[in-house]
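Let me begin by presenting the structure, written as structure tokens, before commenting on it.
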Amino acid sequence: MRIPLSWLREYVDVTIPVDELAERLTRSGLEVDSIEHIGGAQAELPWDPTLVLVCNILEVTQHPNADRLVLATVEYAPGSIHTVVTGAPNLYQYKGLGRLSHPLKSVFAREGAVLFDGHVAEKVKVKLKGKPVRGVMSDAMLCSEKELGLSEEHEGILILPDDAPVGMSLVEYIGDTVVDIDVLPNMARTLSLVGMAREIAALTNQPLRLPNPTVATNGIDANTAIKVTIAAPELCPRFTASVVRNVTIKPSPFWMQRRLIMAGMRPINNIVDISNYVMLELGTPNHTFDADCVAESHIVVRNAHADEQLKTLDGRTHTLNPSHLLVCDTIQALSVAGVMGGESSEVSDRTQNVLVEAAVWEPTIIRRMSTAFKLRSEASKRFERGVDPEMLDLAQRRLCQLLHDHADGVVAPGMVDVRTAPARDVTITLTSAEVKRILGLDFTAAQLSDLLTPLGFGCTVNTSDSLAVAVPSYRRDVSHTADLCEEVARMFGYDNLPSTIMADELPTQRTNLALEREHFVRDILSGAGLNEAITYSLTSLTSAANLDPAEAEATNYLRLANPLSSEREYMRRAILPTLLESAAVNLRERGSTRLFEVGRVYHRRDDAILPAEPLRLAVVMAGQRANASWHDASPATVDFFDIKGVVELLCERLQITTIRIAPSDAVYLQPGRAAQLIARTATGEVVIGHFGELHPLARERFAMPAMRVAVAEFALDTLIELANVPRYTSISRYPASSQDLALVAPVTVSAETIAASIRKYAGAALSNIELFDVYTGANLGEGMRSLAYRLTFRSSERTLADDEITKLRAKIIRGVEHETGAKMRA
Amino acid sequence: MSIIDQLATIEQDALAALATISTSEAVSEWKSNYLGKQGAIAKLSRELGTLPSDQRPAAGQRFNAVRGALDEAFTSREATINQAAQQQAFGQDAVDVTLPGRLPVVGRLHPSTRVLRMITDIFADMGFQVWESPEVETDTLNFGLLNIPEDHPARDMWDTFYVETAPGAEKVLLRTHTSPGQIHAMRAHAPNPVRVILPGKCYRYEQVTTRHEMMFHQVEGIAVGQHITFSDLKGTLIGFAERLYGAGTKTRFRPSYFPFTEPSVELDVECFLCKGAGCRICKQSGWLEVSGAGMIHPTVLRNGGYDPDVYSGFAFGMGPERITMLRHGIDDIRWFFSGDERFLQQFV
């Protein structure tokens, strides 16, 4: 809401500097967005009070040497005359008329004045310098609106009203300050000059001056001339109508246009401008109909018929249905109630008589219609938030007065007034105890009354700690004690209320183990060199199919009804696709990537309207294992065993023991370099996820270069459930003894099979087993592989004797060969 | 020449020779030449027997003294030589300490995760525990139960992503704020007091720009009990601001509007960059908006299972991305969800 201070001052004295006013408003819930100065010292373009003046143009003559220039004889102070060279087209008509019979007021700028250059699109400041123009000295000018920074208008010079005082500085005449205030939905009462003035009056302890227009009336009473029927009473609590006859359509007065412009509206003609002016002044949107276009002079407020059509002022034709509310005559729809007028009854140049509507509508119907028709207007904005029905009488009087004064209208006596609901009458009992319970501070009833009364609340102090508060009609946002507590706090000052430490009972504190472990997983992975990413939960089927073409089935997904783009249309079912897209960017920009993400995925459920939101963990690694440096110019690149190492580290640090790793046939992984993590649970085995190297086809779909890309995605909530607290094992004080064992077996016998067999036959004496070499070579034979293990034996009770270890070794070799077929390497 | 004179000559020669020695081999050789079993002193000492017996004790003492002196000179010289040798070895082993070190490969947590942890840790100290709730919600939980009926102008405050549902089914949406968690948490605790902090992802139907994201995190906190006041809300938020921005941080409480709180408040802290003087970051106001808050609206308390005539409570919310941007001077929110490691690696 843009508030010109000169306009505001009609209703309240502004007794404090504007910056202080802005701070007070902000601290009372009316956040000031900006303060715009027009013409004054702080303005973008200050008008020098000695150089930019109101002037009177006395005579206009042809420039002796230029067809398109004229010489204006200007009086810029009583008795001070100057000749100005100008090309303003709006002066041509006065050329050669001699001394003008009618004053022509404009803005005179003398040498030295700083103005905007009227000839360039941008705002460029120039200082006025005297120079001859086609042989005539030019050291002053008459200004256009653009040159003064008032608008983009540069077609001609600014013409001021006849009563503009010659010699007055322009800044004194129309300089102003506009305060732009962010009005929140509960502050609808301040969407008007008077509403804002009421608030400022209460905040600064000044009296409010409400306008009290009076107007002479003539002719047939409005109640005789027109008839109003409300056929949808629950949607229209009050409807009023006046009649003004014999209006003249012309531009509205200069001051009104200035005020509308400063408030952010465009002047159109006197009728439209008056309507907007009263809306801005009193917060009551209203509408003017061409009275002669209202069939039978009978207004009917009703729901639309099915498929009824209405062409609105913006030229669009809307097809309506019975959920829409219309203002009609006996034949057709005239306007969408409270939202926009129709073309058929629009006030035009030929209009003679107007019917002035000021009504109040049920806010939700207005919001529904303005949303449906995409017609958000200043009027609908106010109606949606609630308009004070008790303001309509004043609004009608004001409208009639202005139509009389500025459209030469003859105002009919009387006003049609149809009420379908009684005036709102709310009285709330407020007690000191209740205020203390909510705000934490003691107030007496008298103090509460002192705080609330300036806002217009009718306070009756019943006892020292209780009062009855009558809510004024313009406070539709107040309906219970909590609302009054807010008003008390606002007027007392939020910053003046105490700050306390909660004294209430501390709720039982519980450990959130799952969350702690989720944090732990993030710490483990970042410690392992992976950067945490957070990617969009929204994705496309294309992206999902890039990983796994089978995942492109739309019915499995939650789909947005109103996506912003096709890239973000579906809720992801897996993290890897979006994470791989980020990884591809990193590969392009830096040649390597090491990312992990912990986040939710969204799985539709047939038996519930809301999806399951399981927690997932995804990892992507590709490129060099470390940054190249002078220590290692070309570090090895990531492969399957890097991701496997991450998986092992994670399981080890979470102390997960009830898992196994097996080959995987996930389609997005390269066959033979794909594994799955399987958990053993009480009810059987559960796959927690897959990891391995990305299949080359998938890699290409993500536009990644030919390289090994290691990926993993796991059900993190399951992993977290499997985590354990580490158990201490005693550390032996006896020496260890190690033995190397190279075993040859077909490659089809997995390393884990052999290691498990070794463990089995070694028994408790084996304290560690480490695979230190894997060898395949022609000398071993086709399809054969050698696995070399270092076994460490140690007892917690004694030093193991050499012959014991020799025997144990022989037992292991026999056992493993018997069980797996692996033989000692020759 | 007497034995004693010879001894003196040997001592003199030995010390002179030792002074010129600079290698450990030469000093060992010197030692065997003079102090060894076949060395000069040992040889001369064999002639002690030729001395008259009364002179022998004094001569013997003299021999011992010279041996001791030479031994001491040897030890000292050897130490000097060893030290020099070590110095030389160190010199050869020296590195340019300004060369880059061998960096361990360590990843970084996402800046939002970091700030979320800071926020939840601070509130944990005040007794607020983390409570998580779904990101996909019903219209009722996201709006209706929070006192935002359909067709209410306050709905303009949240541009919403809706999820496709079967015709006639309840509207489902991506939560626009963490506030539905208020209802979940209250219903789980009522009528016991509750003090929880609700972090999580939220979504808004909003074109992505440098300042606005369609996805972001929010942290919301609520405290409900029989003696919770607006003054407690102020104390809690001031305590938080002082922990996050430093003791003595100036705060400003402004009336605001949220349908689910009454009274509602906006917390500003003094801009930590310009100390309130006004700068680009605070848009010349000297203040930074940190949190929207208020006393939980009676209707919302009732929807959460508490009698608003007996119980009261407060709620507050804040955006970790905004706090992160201010903290690190990030000028474009779009980096947060890009997964770009050039961004992610900038944080600790």
Side-chain angles (χ1 to χ4, degrees), chain A residues 26-29 184-186 364 367-368 384-385 437-440 482-483 485-486 489-490 494-495 497-507 509 512 515 522 526 529-537 558-562 564 582 585-586 589 594-595 600 602 609-611 613 626 629 631, chain B residues 100 102 105-110 112-113 127 129-130 134-136 151 153-154 161-165 169-170 172 192-195 201 205 214-215 223 225-232 234-236 238 252-257 262-263 265 295 297-298 312 336-342 344-345:
Chain A
T26 297
R27 284 185 187 248
S28 76
L184 293 166
N186 66 329
T364 58
R367 184 178 166 84
R368 229 172 284 155
E384 277 178 20
R385 286 163 173 73
R437 187 175 78 89
I438 300 300
L439 298 182
D483 303 321
C485 285
E486 174 165 279
R490 222 161 57 81
Y494 278 25
D495 285 316
L497 285 167
S499 304
T500 51
I501 303 296
M502 281 184 279
D504 198 43
E505 176 191 346
L506 181 69
Q509 302 281 298
N512 189 337
L515 186 70
R522 286 191 167 98
S526 61
L530 296 158
N531 292 311
E532 188 192 8
I534 300 175
T535 61
Y536 287 108
S537 313
L558 255 75
R559 183 182 186 194
L560 293 188
N562 57 337
L564 272 171
S582 293
V585 172
N586 287 308
E589 297 292 341
R594 307 172 64 84
L595 289 174
R600 296 186 190 176
Y602 312 85
I609 58 165
L610 297 181
E613 298 184 13
S629 71
H631 303 288
Chain B
R102 212 171 271 121
V105 180
V106 175
R108 315 295 167 100
L109 290 179
H110 192 282
S112 296
T113 300
Q129 297 189 282
V130 171
E135 291 171 27
V136 184
D151 297 316
F161 280 119
Y162 285 93
V163 172
E164 276 188 349
T165 41
E170 186 175 4
V172 174
N192 295 311
V194 55
R195 217 176 281 188
K201 279 183 191 147
Y205 179 79
M214 53 184 271
M215 181 174 96
Q226 297 198 28
H227 309 283
I228 304 280
T229 68
F230 188 82
S231 299
D232 290 336
K234 281 188 69 181
T236 303
I238 289 173
R252 176 172 83 167
F253 288 85
R254 278 188 290 122
S256 189
Y257 170 69
E262 186 84 25
V265 57
M295 297 302 289
H297 195 283
S312 55
F336 279 80
F337 309 121
S338 66
D340 194 314
E341 287 169 282
R342 292 170 299 173
L344 297 173
Q345 289 230 305

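Treat the numbers as computed from the prediction; the structure is a model and nothing was measured. So that the names make sense, note that chain A is the first sequence line, chain B the second, and so on, each numbered from 1.
Ionic pairing of Lys201(B) and Glu135(B) is not present here: no N-O contact between side-chain nitrogen and carboxylate oxygen is shorter than 4.0 angstrom.
Note: Pro134(B) leads Ala223(B), Ala169(B), Pro134(B), Ser338(B) in heavy-atom pairs under 4.5 Å with chain A. The most heavy-atom pairs under 4.5 Å with chain B, out of Arg437(A), Arg385(A), Arg600(A), Arg27(A), come from Arg437(A). Most heavy-atom pairs under 4.5 Å with chain A: of the set Val106(B), Thr236(B), Val136(B), this distinction falls to Val136(B). No other option in Asn512(A), Leu558(A), Val585(A) has as many heavy-atom pairs under 4.5 Å with chain B as Leu558(A). Annotation: maximal heavy-atom pairing with chain B below 4.5 Å, among Arg490(A), Glu384(A), Glu613(A), occurs at Glu613(A). Note: Gln129(B) leads Gln129(B), Arg108(B), Met215(B) in heavy-atom pairs under 4.5 Å with chain A. Most heavy-atom pairs under 4.5 Å with chain B, from the set Ser526(A), Pro185(A), Ser582(A): that is Ser526(A). For the set Leu515(A), Thr535(A), Thr26(A), the entry with the most heavy-atom pairs within less than 4.5 Å of chain B is Thr26(A). The candidate from Leu184(A), Leu530(A), Ile609(A), Leu564(A) with the greatest count of non-hydrogen atom pairs under 4.5 Å with chain B is Leu564(A).
The part of Val172(B) that comes within reach of chain A is its side chain, from C-beta onward, which places non-hydrogen atoms under 4.5 angstrom from that chain. At a 4.5 Å heavy-atom cutoff, the contact between Pro298(B) and chain A is made by side-chain atoms alone. Heavy atoms closer than 4.5 Å to chain A are found nowhere in Thr165(B), neither backbone nor side chain. When heavy atoms are compared at a cutoff of 4.5 Å, Glu262(B) approaches chain A by way of both its backbone and its side chain. Only the side chain of Ile238(B) has a heavy atom closer than 4.5 Å to any heavy atom of chain A. Contact of Asn192(B) with chain A is not made at all, since no heavy-atom distance falls under 4.5 Å.
Checking side-chain atoms of His227(B) against main-chain N and O of Glu505(A) turns up no donor-acceptor pair under 3.5 Å. Checking side-chain atoms of Ser231(B) against main-chain N and O of Pro498(A) turns up a donor-acceptor pair under 3.5 Å.
Tyr536(A) and Met214(B) make their closest contact through CE2-CG, 3.9 Å (heavy atoms, listed as atom of the first residue, atom of the second, distance). Considering all non-hydrogen atoms of both residues, Tyr494(A) and Pro255(B) come closest at CE2-CA, 3.5 Å. Heavy-atom minimum distance, Gly339(B) versus Ala533(A): CA-CB, 4.0 Å.
Within 6.0 Å of CD1 in Ile501(A) there are 12 or fewer heavy atoms belonging to other residues, nucleotides or ligands.
Put simply, CZ on Phe161(B) and OG on Ser537(A) are 10.5 Å apart, with the number rounded to the nearest 0.5 Å. The CZ atom of Phe337(B) sits 6.0 Å away from atom NE2 of His110(B), with the distance rounded to the nearest 0.5 Å.
A donor-acceptor contact under 3.5 angstrom links the side chains of Gln345(B) and Asn531(A), judged on distance only.
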